[in-house]
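Each residue takes its place number in the sequence, starting with 1. Atoms considered below: every heavy atom in the structure, side chains included; atoms not considered: hydrogens, waters and symmetry mates. Here the structure is a predicted model, which means the values were calculated and not measured.
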Amino acid sequence: MFRRLVDAFKDKDLRKKIFITIGLILIYRLGCWIVVPGLDPIQFKNSLGVGEELTFMNLLNSISGGALANGAIFALGISPYISSSIIIQLLTLVIPGLQRLSRMGEEGKQKMSAYTKYCALILALIQSIAIVLSYQSIINTEIGPAWLVSIMVVLILVAGSMATYWLGEKITEMGISNGQSLLIFVGILSTFGNSLYAALFDANGVFSGNMDMLLELVYFIVALIVIFGFIVFMDMGERKIPVQYAKQIKGRKMYGGQSTYIPIKVNSTGVMPIIFAMTFISLPQILISLFAPNSQSGFAKFINEYIGTQSWLYFILMAVFIIGFAYFWAQITFNPVDVSKNIQQNGGFIPGIRPGKATADYLKKISNRITLFGAIFLALIAMIPSIIFKIIGTGTLVNAFSATGLLIVVSVAIELDKQLEAQMLMKNYKGFLK
């Protein structure tokens with residue numbers, strides 16, 4: 001990948017796109033440190049409970065590049081847009097109108113994108129209001145009445161979230177790779193950098209001299225490299241199902257007669273099952289922290305004690321929910337019936353399998369088997385890194401590279417490498433044609 005970056009810098013157009021991408025990312029990182037006027041960042045961080053445990057709030061803080069803990073204008077980050085995209089995709093399964101739009105080509109895609117933006121705006125507004133209402137201690141009443149400051153904080157948080165989305169769109173349009181994914185990628189890496197700095201240096205920027213921490217850091221990096229290698233190995237794995245197209249004569253020309261394949265990735269669901277599972281398990285804790293942060297009820301104690309991130313029940317539930325959501329998400333992203341119809345309509349067939357229902361059943365069986373391996377892989381990745389990092393003892397670094405963070409970093413890095421390769425090949429083809 002580093003060799004490809006060097007080659008990309010040699011091309012004038014690609015170099016311009018890379019500099020535009022870096023510039024927009026720097027603007028985003030600047031917004032992650034500018035504190036919202038009227039908000040007390042220290043009280044905000046303490047109220048959210050952002051710390052060393054692997055909670056949903058820590059996941060959001062990692063995705064936002066630490067902006068959530070900083071109480072910055074980009075505190076919500078890209079998370080409302082991610083949630084909006086998931087909601088729209090789920091609604092597409094049950095609302096016929098959205099299903100028709102998804103099949104209308106470019107026009108339908110634009111309308112779906114507009115609905116996703118509106119939904120993201122509504123979610124950002126709801127999240128901002130929930131934060132202000134739940135944590136009144138974060139409002140600085142010295143600059144004005146509490147109600148007026150609260151409204152200002154809500155508007156700034158919403159505007160910051162939509163500005164983050166706009167920066168991602170501009171990176172996609174004018175830079176390289178997917179902008180939203182790159183912002184999450186940079187956010188996770190920057191969170192790791194901040195955690196690493198906090199582990200090695202004190203508040204005055206002086207090296208703490210803790211040799212045990214240095215040794216733990218070496219163990220952490222070695223474990224990280226091994227886990228990265230395992231994720232890359234599984235992420236690149238796929239099952240290739242051969243497809244043969246029969247020869248067809250139309251007029252004086254012959255079409256078809258070629259062989260291709262359908263690639264089914266082992267980890268086709270990506271990080272979505274982990275995000276779904278973590279959100280589902282953390283929902284009671286989130287509701288308690290938002291609406292009853294000081295609750296001493298039996299339900300609150302049970303949730304904190306038995307479904308906390310350090311309990312064995314948490315890991316068991318995570319594994320079960322990840323496997324269940326992996327199958328659910330696989331049904332959304334891969335429809336064997338539609339694939340079978342598409343193959344049959346184009347005069348193709350899978351060798352040894354009858355076209356039609358038999359092909360759909362065969363594809364469904366293969367997809368279920370591969371999804372099982374992918375789900376087990378996700379369950380292991382969700383638990384093993386956390387256990388290993390806890391054994392090593394690098395608590396401040398765990399949040400930066402949680403299971404979700406590891407998968408996102410690897411997936412975005414692979415996608416970035418593929419985008420650079422594709423754009424360089426396109427430039428070579430254009431030069432050959434000229």
Side-chain angles (χ1 to χ4, degrees), residues 5 8 13-37 39 41 59-88 109-110 112-128 131 152-194 270-271 275 400 404-405 408-409 411-413 415-420 423:
L5 282 173
D13 293 337
L14 285 179
R15 186 168 61 247
K16 180 180 178 181
K17 289 184 177 182
I18 292 174
F19 283 135
I20 290 174
T21 302
I22 294 174
L24 292 173
I25 289 175
L26 289 176
I27 294 174
Y28 166 69
R29 288 302 303 155
L30 180 64
C32 291
W33 288 97
I34 300 176
V35 179
V36 175
L39 187 147
L59 173 63
L60 293 181
N61 183 58
S62 176
I63 291 176
S64 67
L68 183 62
N70 296 333
I73 58 176
F74 288 166
L76 297 181
I78 205 71
S79 59
Y81 177 77
I82 297 174
S83 303
S84 174
S85 301
I86 295 172
I87 291 173
I88 295 298
K109 184 179 178 181
Q110 291 178 358
M112 292 286 288
S113 177
Y115 292 152
T116 304
K117 294 176 187 176
Y118 297 144
C119 184
L121 178 62
I122 295 173
L123 289 177
L125 182 62
I126 293 173
Q127 290 181 16
S128 302
I131 288 174
M152 180 182 68
V153 170
V154 168
L155 293 178
I156 292 175
L157 288 176
V158 173
S161 177
M162 301 313 295
T164 305
Y165 166 77
W166 181 83
L167 287 174
E169 286 288 287
K170 286 301 176 184
I171 292 175
T172 305
E173 178 185 345
M174 304 171 62
I176 53 175
S177 192
N178 181 278
Q180 281 79 22
S181 299
L182 275 181
L183 293 182
I184 297 174
F185 175 81
V186 171
I188 293 173
L189 291 183
S190 62
T191 304
F192 171 72
N194 295 334
V271 299
I275 294 177
T404 309
I408 290 174
V409 167
S411 300
V412 175
E415 181 63 26
L416 178 61
D417 182 61
K418 290 180 179 178
Q419 288 286 338
L420 282 174
Q423 294 195 32

Side-chain donor/acceptor of Ser161 to backbone N/O of Val158, under 3.5 Å: no

Side-chain heavy atoms of Ser113 within contact of Gln110, under 4.5 Å: no

Side-chain donor/acceptor of Thr164 to backbone N/O of Phe74, under 3.5 Å: no

Over all atoms of both residues, closest heavy-atom pair of Cys119 and Ile88: CB-CD1, 4.5 Å

Straight-line distance of Ile22 CD1 to Arg29 CZ, nearest 0.5 Å: 14.5 Å

Nearest heavy atoms of Leu157 and Ser128, plus distance in Å: CB-OG, 3.4 Å

Rounded distance [0.5 Å steps], CG in Leu183 versus OH in Tyr28: 6.0 Å

Test item: Thr172 and Gln180 side chains (from C-beta on) under 4.5 Å apart, heavy atoms: yes

Heavy-atom pair of closest approach, residues Pro80 and Ala120: CB-O, 3.7 Å

Atom pair CD1/CD1 of Ile171 and Ile20 - distance to nearest 0.5 Å: 10.5 Å

Separation of Ile27 CD1 from Cys32 SG (nearest 0.5 Å): 12.0 Å

Nearest atoms (heavy-atom pairs only) where Gly31 meets Ile73: O-CG1, 3.3 Å

Parallel, tilted or perpendicular, as decided by the 30° and 60° cut-offs, for the rings of Tyr81 and Tyr165: tilted

Leu24 side chain near Leu182 side chain, heavy-atom distance below 4.5 Å: no

Atom pair NZ/CE of Lys16 and Met174 - distance to nearest 0.5 Å: 7.5 Å

Minimum-distance pair of heavy atoms, taken over all atoms of Ser83 and Leu123: CB-CD1, 3.7 Å

Non-hydrogen side-chain atoms of Leu125 and Leu121 separated by less than 4.5 Å: no

Donor-acceptor contact below 3.5 Å, side chain Thr116 vs main chain Ser85: no

Approximate separation, where rounding is to 0.5 Å, of Met162 CE and Ile78 CD1: 8.5 Å

